[in-house]
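Beneath this line is the structure, given in C-alpha cells, with notes to follow.
Read the numbers this way: they start at 1 and go in the same order the structure lists the ligands and their atoms. Any value given below was found using the heavy atoms of this structure, including those in side chains, with hydrogens, waters and symmetry copies removed.
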Amino acid sequence: MKPVTEIAPGIHYVGANDRTKHRFEGLWPLPNGVSYNAYLIDDHKVALVDTIDASFTERLVAGIREVIGDRPVDYLIINHMEPDHSASLAAVCRLWPGITIVGNAKTLQMVEGFYGVGGSADNHGAVSTAVKTLTVNDGDTLSLGARTLQFHLIPMVHWPETMVTHIAAEGIVFSGDAFGTFGALNGGIVDNQLDTTVFFEGEMVRYYSNIVGKYGVPVQKALQKLAPLLPLSMVCPTHGPVWTAEFPRVLDLYDRMSRYEPLERGVVIAYGSMYGNTEQSAEALARELAARGITNIAMHNLSSSHASFVLRDIFRYGALVIGSPTYNMHLYPEVQALVDDIELRCISSRVFGCFGGFTWAGAAVKRLSEFAGRVGWEMVAPPLEVRQGFSAGKASGGLSAIAEAIAARLG
Ligand code: FEO
C-alpha cells in the first residue's frame, strides 16, 4: 500500500503536527493544533521544500530519512522564511553539508540574519559558512533531473521574501502560507482524504484573516501571477491540507477574502459589557435581526471571544455591529483592541452599525462613529446610546432601526 505521505509519485509529505502549542505566533489560539508542512521531491537530485518548526526537527529528519535513506538532500528550497517554516534550516544544513539553499535575495539575507547561515550569497557560490546558496529571481528555473522547478515571487503573502515553487509538467505548486489553514492533519494529508468543508474551511478563513488579512492587495497580485499556471493538479501549502480537486473552491475563497468581499450573508455582533447592560442591547439586536430572516448571526462577547474568531467572522459576514460601554471616557478596552485589529487589516467595507452605553458620560458611540469615519464605512442607521441600565423601552427603537437597515442592505 502506498503511504499516505507520498502525496504524488516521488513527492513526499515530511511535515509534522503540533497539538501542544497554545498560540500561533504567540497570539492566535490553536484549539485543534496546526500542521507545519514540508515536502520532499525525490528526483535525480533531492529537494526539500521548506522546513518546519524547531520543536519538530527530529520528525522532519526522520521523515526525510524514511524516503531517501542515506542519500543526501541536494537542495533546500525556501519559499517562506517565517520561523515556523525555516527554524530547522540550520540543522538540515549540518546534517547534509553539501546542500544548496535556494531562495531569492531577500530570503538569503534573512537566512543569514536569522540563522547565521550563508554570508554574501552569489549564484552557486560557496559562502563564508561553507553552505552553498543559489539566488533565484522571479521566473528562474532549477532542474532536479526529471523535474524542473520554477520560482515565482509573491511578496507579502505573507512576508516580503515569499515565493512559490511550481512544477509545470505535473501542475504542482508549493504555495507557502497561501491557501493554508490552522488545524492539525489527523491522518489524511490530501483534501480527498479529509472532510475539509466545515472544519478546514473555517480554519482557512481564520488563518487568512488573522495572518494574511492585512495584505489583500499583494494577495490579489499573487493570484494574478498564479492565474497563468492554472489549472493545477495539486497545491501544497505550509499549513493544513494539500489541495487537489477542491482547489478551485479554495482559490475562489482566497479571491473573495483578499477583495474583502463577504463569504456569506450574515451579521457579526461584537460587544464589550461590564455588567450586562450593553450585552442586553446585543441580545435584543440579535433578536431583531432574526425576526428579519437573518440566520447567520455571530455573537462575540469580547471579554470571552478571542479576537482571532471575531476577525474570522468579520471576514466571513457582510455586516458588523459593535457595542461598547464608555470606559475611561473611551471605548471598552477589548472593543478598542478589536477596532485596532480591523483598522490594521484595512478591511475595505462592511455594513456597519453601533450602539453603546452612557453611564455618567458618553464616549463609546462617538468613538465608534469616528472609527467608521476613519475606515470609510457608512453607518447604516443612527448609533444607539442607552443611558444607564438597559430597558427594552430605551433600546428597541434604535435597535430595530439598525436591524431594519442591515436586513435591507444584506438583501
Ligand atoms: Fe506559516 Fe508566515 O508562516
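Classification of Arg409 and Glu378 as a salt-bridged pair holds, one side-chain N sitting under 4.0 Å from a carboxylate O. With respect to the salt-bridge test (charged N to carboxylate O, under 4.0 angstrom), the residues Asp313 and Arg316 qualify.
Other residues, nucleotides and ligands contribute at most 12 non-hydrogen atoms within 6.0 Å of the CZ atom of Arg287. Taking a 6.0 Å sphere around NZ of Lys106, one finds it holds 12 or fewer heavy atoms contributed by other residues, nucleotides or ligands. Under a cut-off of 6.0 angstrom, the local environment of OH in Tyr327 is sparse, with at most 12 non-hydrogen atoms contributed by other residues, nucleotides or ligands.
Screening the protein for N, O or S atoms under 2.8 Å from atom 1 (Fe) of ligand 1 yields 4; no waters enter the count.
Both tests hold for Arg206 against Phe309: distance to the six-membered ring centre under 6.0 Å, angle to the ring axis within 45°.
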